[in-house]
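Report on the structure given below.
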Protein chains: 2
Amino acid sequence: MHADDAPQPPKRKRRPSKDAPSLSSDRIIAAALDLIDTQGVDNFSMRNLAKLLGVYPMAIYWYVPNRNALVARVTAHVLADLVPEDPSADWQDDLRTLLHRFRAIIRAHPNVAPLIGAQLVSNASVDLMMIEWVLQVLRRSGLNEADIPAAYTATIGAMTGFVTQEFAAVPQDDKTGWADEMKQIAQSADPEQFPLAAALMPKLLNRSFILRWDNGSAVPLDDGFDFFVESFIAGLARRAGH
Amino acid sequence: MHADDAPQPPKRKRRPSKDAPSLSSDRIIAAALDLIDTQGVDNFSMRNLAKLLGVYPMAIYWYVPNRNALVARVTAHVLADLVPEDPSADWQDDLRTLLHRFRAIIRAHPNVAPLIGAQLVSNASVDLMMIEWVLQVLRRSGLNEADIPAAYTATIGAMTGFVTQEFAAVPQDDKTGWADEMKQIAQSADPEQFPLAAALMPKLLNRSFILRWDNGSAVPLDDGFDFFVESFIAGLARRAGH
DNA sequence: ACCTGAACACCGTTCAAGT
DNA sequence: ACCTGAACACCGTTCAAGT
């Protein structure tokens, strides 16, 4: 949503018909998403993007002011279809749908997950649509009007927080070594000192936060996510007096 | 917690007394945290760290295998004091305390927030302590035993998710321009199309997710966080049959 | 308007060498 | 054991120039 200070292809009434430019904002964003999806955001560089587009690096800067702005546009593009249809009859169902849709989107583009925190800000009108949607749902919950702003922030935090953690890149320097070491720690967990951890380890190892070496792409935390969503919604309901 | 494959200062029975090394793991981690706190993680480089330590860049590599591993140790160090004293009588209070302690730590080192997702894994024994602590609290909640693993993942996700979003770096390329533009969008929010958003805008602008230009360091989302925590805990309680 | 091409000031890390 | 020093293969971005 942030206006760029760089020169922008202006409202282009009509292009001079011939010699259409080889680049466009859309092509750049699509290619950037492609690179991020396949290589990860760390290995995504303007120079690789230029190579993929068959163009010199600086050509991109005609359409995008800098790398950060490009990354912001990519996340905005990915989240474009987040907000569901018009609210249903059941506000709890609506919230559930929103949170699950968000997760489905990030699952399709997991490497975008680490960018969400800073960059959820996107196209202004789209954002207002989503914000209004959430506010409407929260009002229909019966919450105290005065609580709606805090409930809104809590809801967005719930929507983005769990999932960005779930799909956060796990350092892959030597994953097998890491996995082996974690397995060993798990095995040797002293049942005297850590009785519950030791007992539940088979259910937790590589299937829950902290004790995993794969991220959500390889091993989704479905049960944990469902439990989280249902707890949050149930808590909202209780606070709304249901 | 990941064992490094690089040469490590071995169990050092005793150093040769004189010519003590100028560097140490502790000094490096402390200096790295200092740099990250002041410059942000993006501007944190091995070369700057070396300069701060008065040493050539490669000297650091004697103690740390690579930049990623160093960053992991920094986050582990920051989170070392996370887990509270022994559980109290009230499991809901315990959970509340844990989530608030986590936030207090990140507040003291906000630039570490974006690193948590991938790097919560730290010193093995510390981690097992925290995991056991959470599992104990959850069992005392009266939840179905079969639900405890999912509840554990939900709890860690709740603990880390909101706060990492709250303190995520906001792009600061030209913050004033961004703020101005967002204010303008907020002002021009059509009350016909977005009635609630327009009405609540004064309460939301720069005080909630998506509609802010400062991050949690400058403008903490206290109300949203409290609402989030209380909702989650209330939902857990409901699911536990309270 | 749109893109090329060279150049600047950075990176992390490998590798060989010093003491 | 601990650190230096040079070198490699990268970065994002500025700036001037082409068409």
Side-chain angles (χ1 to χ4, degrees), chain A residues 4-28 31-32 35-36 39-74 115 171-174, chain B residues 4-28 31-32 35-36 39-74 115 171-174:
Chain A
D4 313 309
D5 308 356
Q8 276 305 102
K11 310 298 173 189
R12 69 171 78 152
K13 332 201 159 203
R14 195 158 307 163
R15 293 217 76 261
S17 68
K18 47 193 168 187
D19 73 353
S22 75
L23 247 41
S24 72
S25 246
D26 288 347
R27 269 198 73 208
I28 290 173
L35 268 183
I36 290 174
Q39 320 277 352
V41 73
D42 284 344
N43 301 324
F44 162 73
S45 74
M46 299 301 268
R47 292 172 116 112
N48 284 338
L49 177 59
K51 203 172 291 173
L52 179 64
L53 289 165
V55 97
Y56 279 63
M58 288 313 296
I60 297 167
Y61 285 77
W62 181 256
Y63 298 89
V64 168
N66 53 53
R67 198 192 115 116
N68 276 348
L70 173 52
V71 154
R73 291 186 192 187
V74 169
L115 308 170
Q172 48 191 195
D173 296 336
D174 70 320
Chain B
D4 313 309
D5 309 357
Q8 276 304 103
K11 310 297 174 192
R12 68 170 79 155
K13 331 200 158 205
R14 195 158 306 164
R15 292 217 77 262
S17 68
K18 46 192 170 188
D19 73 350
S22 76
L23 246 43
S24 72
S25 246
D26 288 347
R27 270 198 72 208
I28 290 173
L35 269 183
I36 291 175
Q39 319 279 351
V41 73
D42 284 343
N43 301 324
F44 163 72
S45 73
M46 299 300 269
R47 294 173 116 112
N48 284 338
L49 177 58
K51 203 173 291 173
L52 179 63
L53 288 165
V55 97
Y56 280 63
M58 289 313 296
I60 299 166
Y61 284 78
W62 181 256
Y63 298 88
V64 167
N66 54 54
R67 198 193 115 116
N68 276 348
L70 174 52
V71 154
R73 293 186 191 188
V74 169
L115 307 171
Q172 47 192 195
D173 296 336
D174 70 319

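- Close to C:dC3, at under 4.0 Å from its OP1 or OP2, lies no side-chain N or O of A:Trp62.
- Separating the CE atom of A:Met46 from the P atom of C:dC11 is a distance of 19 Å, rounded to the nearest angstrom.
- Each of A:Pro57 and B:Asn48 was matched to the nucleotide of DNA chain C holding its nearest heavy atom; the match closer to the 5' end belongs to A:Pro57.
- In DNA chain D, runs of at least 3 stacked Watson-Crick or G-U pairs (N1-N3 plus N6-O4 or O6-N4, or N1-O2 plus O6-N3, all under 3.5 Å) give these stems: C:4-8 with D:12-16, C:12-16 with D:4-8.
- Residue B:Asp42 is classed as having no contact, given no heavy-atom separation below 4.0 Å to the nucleic acid.
- Rounded to an integer number of Å, the gap from B:Gln39 CD to C:dC10 P is 13 Å.
- Using a 4.0 Å heavy-atom criterion, one finds that A:Arg47 contacts the bases of the nucleic acid, with or without backbone contacts as well.
- Taking only side-chain atoms of A:Ala59, from C-beta outward, the nucleotide of D:dT13, C:dG12, C:dC3 with the closest atom is C:dC3.
- Nearest heavy atom pair, residue A:Ser22 against residue A:Val55, reads OG-CG2, 4.5 Å.
- The phosphate of C:dC3 has OP1 or OP2 within less than 4.0 Å of a side-chain N or O from A:Tyr63.
- To the nearest angstrom, C1' of D:dG12 lies 15 Å from CD1 of A:Ile28.
- Taking CE from A:Met58 and CZ from A:Arg47, the interatomic distance works out to 10.0 Å, rounded to the nearest 0.5 Å.
- With rounding to whole Å, B:Ile60 atom CD1 is found 14 Å from C:dT14 atom P.
- For C:dC10, neither phosphate oxygen OP1 nor OP2 lies less than 4.0 angstrom from any side-chain nitrogen or oxygen of B:Ser45.
- Of all heavy-atom pairs between B:Val41 and B:Arg67, the closest is O-NH2, 3.7 Å.
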### Query
Does the pair B:Leu23 and B:Tyr63 meet the rule for a side chain to side chain contact (heavy atoms under 4.5 Å, CB included), with working shown?
CA-CA 8 Å; B:Leu23 246 43; B:Tyr63 298 88; 3.4 Å; yes
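- You'll find the side chain of B:Gln39 stays beyond 4.5 Å of the side chain of B:Asn48, heavy atoms only.
- The side chain of B:Asn68 places no N or O atom within less than 4.0 Å of a non-bridging phosphate oxygen (OP1 or OP2) of C:dG12.
- OP1 or OP2 of D:dT13 sits under 4.0 Å from a side-chain N or O of A:Tyr61.
- Of the candidate nucleotides C:dT14, D:dG12, C:dT4, C:dT14 has the atom lying nearest to any side-chain atom of B:Met58.
- What separates CG of A:Leu70 from C1' of D:dT13 is a distance of 14 Å, to the nearest Å.
- Note: CZ (A:Arg67) to P (C:dC11) measures 16 Å, nearest angstrom.
- The side-chain heavy atoms of B:Leu70 and B:Leu49, taken from C-beta on, include a pair separated by under 4.5 Å.
- Contact check, A:Asn43 against D:dC11: no side-chain N or O comes under 4.0 Å of OP1 or OP2.
- When all heavy atoms are compared, the tightest approach of B:Tyr61 to B:Asn66 is CE2-CA, 4.1 Å.
- Taken to the nearest 0.5 Å, the CD1 atom of A:Ile60 stands 5.5 Å off from the CG atom of A:Leu53.
- Whole-Å rounding puts the B:Leu53 CG to D:dT4 P distance at 11 Å.
- Between B:Ser22 and the phosphate of D:dC2, there is no side-chain N or O to OP1/OP2 separation shorter than 4.0 Å.
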